[in-house]
Amino acid sequence: MLNYIWAFMILVGVVYGAFTGKMAEVTSAALDSAGDAVSLCITMIGVMALWVGLMEIAQKSGLIAKLTRGIQPFISFLFPRIPKGHPAREYIATNLIANVLGLGWACTPAGLRAMEELAKLEAERGTPGYASAGEGILGDGKKKQNKAGKDGGELPVATNGKGGRVASNEMCTFLILNISSLQLIPVNMIAYRQQYGSVNPAGIIAPAIVATAVSTGVAVVYCKVKDRRRRA
């Protein structure tokens, strides 16, 4: 859908420039934007290298492990059906910590691993429709898991009737929380504002904390309400 939207916007710009005799300005703007995009990418690579490196140092120093243990009560509150000591809890905690620090790049690998572990958990529970632990969650949706069901047969991969996967309650909760995550340091926005000459690039911190705190609170309430309705 985004491809169509961008294509439509480009087409409208070109047509408008042609009809108004401003094709030179359109061409100039396109070239300038291309240069700005390259410059921004170089800037963001530096920022990414810095913060991902700091995240790696924090992990090896044991800081991430301590923070992970510290937020386990929160993990238990949101994911009561995930057993204590399960790998998914650690990956979820790492993802949340990276999000809070504004490290969107660093949280992605942990998020993918968390989803894989949640899929394995559903397979271990014998939930009909989930792939076996060996297949993970990135399959084509057509394979059957090797784990035998109660009748001794294989359990089919969960679908929505159209060949797509069906996410578990824990997966949905994690996804919603990941999208709405609280951010104390919006690294991306600060880098963008600095790149484009903002007088106070860090001025976005306070509004970002308020906005993401509200979104996280709404996400937590929504997930708990939906979970309670599902159990009712």
Side-chain angles (χ1 to χ4, degrees), residues 48 51-150 154-159 164-184 212 216 219-220 222-224 226-228 230-231:
M48 178 179 68
W51 285 100
V52 172
L54 291 176
M55 191 72 176
E56 187 70 17
I57 293 173
Q59 185 172 5
K60 292 185 176 181
S61 67
L63 178 60
I64 297 298
K66 291 181 180 179
L67 293 175
T68 299
R69 289 193 296 270
I71 66 172
Q72 284 304 310
F74 180 68
I75 301 297
S76 298
F77 171 72
L78 282 176
F79 306 93
R81 296 181 66 239
I82 300 180
K84 291 184 177 181
H86 194 277
R89 296 172 68 97
E90 180 180 353
Y91 290 124
I92 291 174
T94 302
N95 177 272
L96 295 180
I97 291 171
N99 263 321
V100 168
L101 297 178
L103 308 178
W105 312 286
C107 74
T108 300
L112 293 175
R113 293 298 302 274
M115 282 294 190
E116 290 180 353
E117 292 298 332
L118 290 175
K120 293 178 183 178
L121 178 61
E122 292 302 315
E124 292 169 1
R125 289 170 174 169
T127 304
Y130 280 87
S132 65
E135 292 177 12
I137 64 169
L138 303 178
D140 57 8
K142 297 179 181 179
K143 296 180 180 179
K144 293 184 178 180
Q145 67 175 358
N146 296 324
K147 184 178 180 64
K150 295 181 180 179
E154 292 183 337
L155 297 174
V157 174
T159 65
R165 285 185 185 275
V166 175
S168 67
N169 187 64
E170 285 78 12
M171 291 177 182
C172 293
T173 300
F174 174 61
L175 181 60
I176 293 172
L177 191 65
N178 183 68
I179 294 173
S180 63
S181 178
L182 170 68
Q183 286 195 7
L184 299 181
T212 55
T216 301
V220 170
Y222 175 81
C223 290
K224 298 306 292 185
K226 296 296 288 186
D227 185 56
R228 180 172 298 181
R230 185 186 67 85
R231 294 175 183 275

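Nothing fancy with the numbering, it's 1 onward along the sequence.
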For Ile176, check side-chain contact (heavy atoms from CB on, under 4.5 Å) against everything at least two apart and list the hits. Ala219, Tyr222, Cys223

For Arg89, enumerate each residue passing the salt bridge (Lys or Arg N to Asp or Glu O under 4.0 Å) test, keeping only those at least two apart in sequence or located in another chain. none

Residue list, side-chain contact (heavy atoms from CB on, under 4.5 Å) with Pro83, at least two apart or on another chain: His86, Leu121, Arg125

Nearest 0.5 angstrom please: Glu90 CD to Asn95 CG, how far? 12.5 Å

Phe79 side, atom CZ; Ile92 side, atom CD1 - distance, nearest 0.5 Å: 4.0 Å

With sequence neighbours excluded, residues passing side-chain contact (heavy atoms from CB on, under 4.5 Å) with Leu175: Met115, Ile179

To the nearest 0.5 Å, what is the distance between CZ on Phe174 and CD1 on Ile82? 9.5 Å

Donor-acceptor contact below 3.5 Å, side chain Thr216 vs main chain Ser180: yes

With sequence neighbours excluded, what pairs up with Phe74 under the side-chain contact (heavy atoms from CB on, under 4.5 Å) test? Leu78, Leu96, Leu177, Val220

To the nearest 0.5 Å, what is the distance between CD on Glu122 and CD on Glu117? 12.5 Å

Between OG on residue Ser76 and CZ on residue Arg81, distance to nearest 0.5 Å: 14.0 Å

Between the main-chain N or O of Ala110 and the side-chain N or O of Thr94, is there a donor-acceptor pair closer than 3.5 Å? no

Minimum heavy-atom distance between Asn99 and Ser181, given as atom pair plus value: CB-OG, 3.0 Å

Least distance between heavy atoms, Tyr91 atom then Arg113 atom: OH-NH2, 3.0 Å

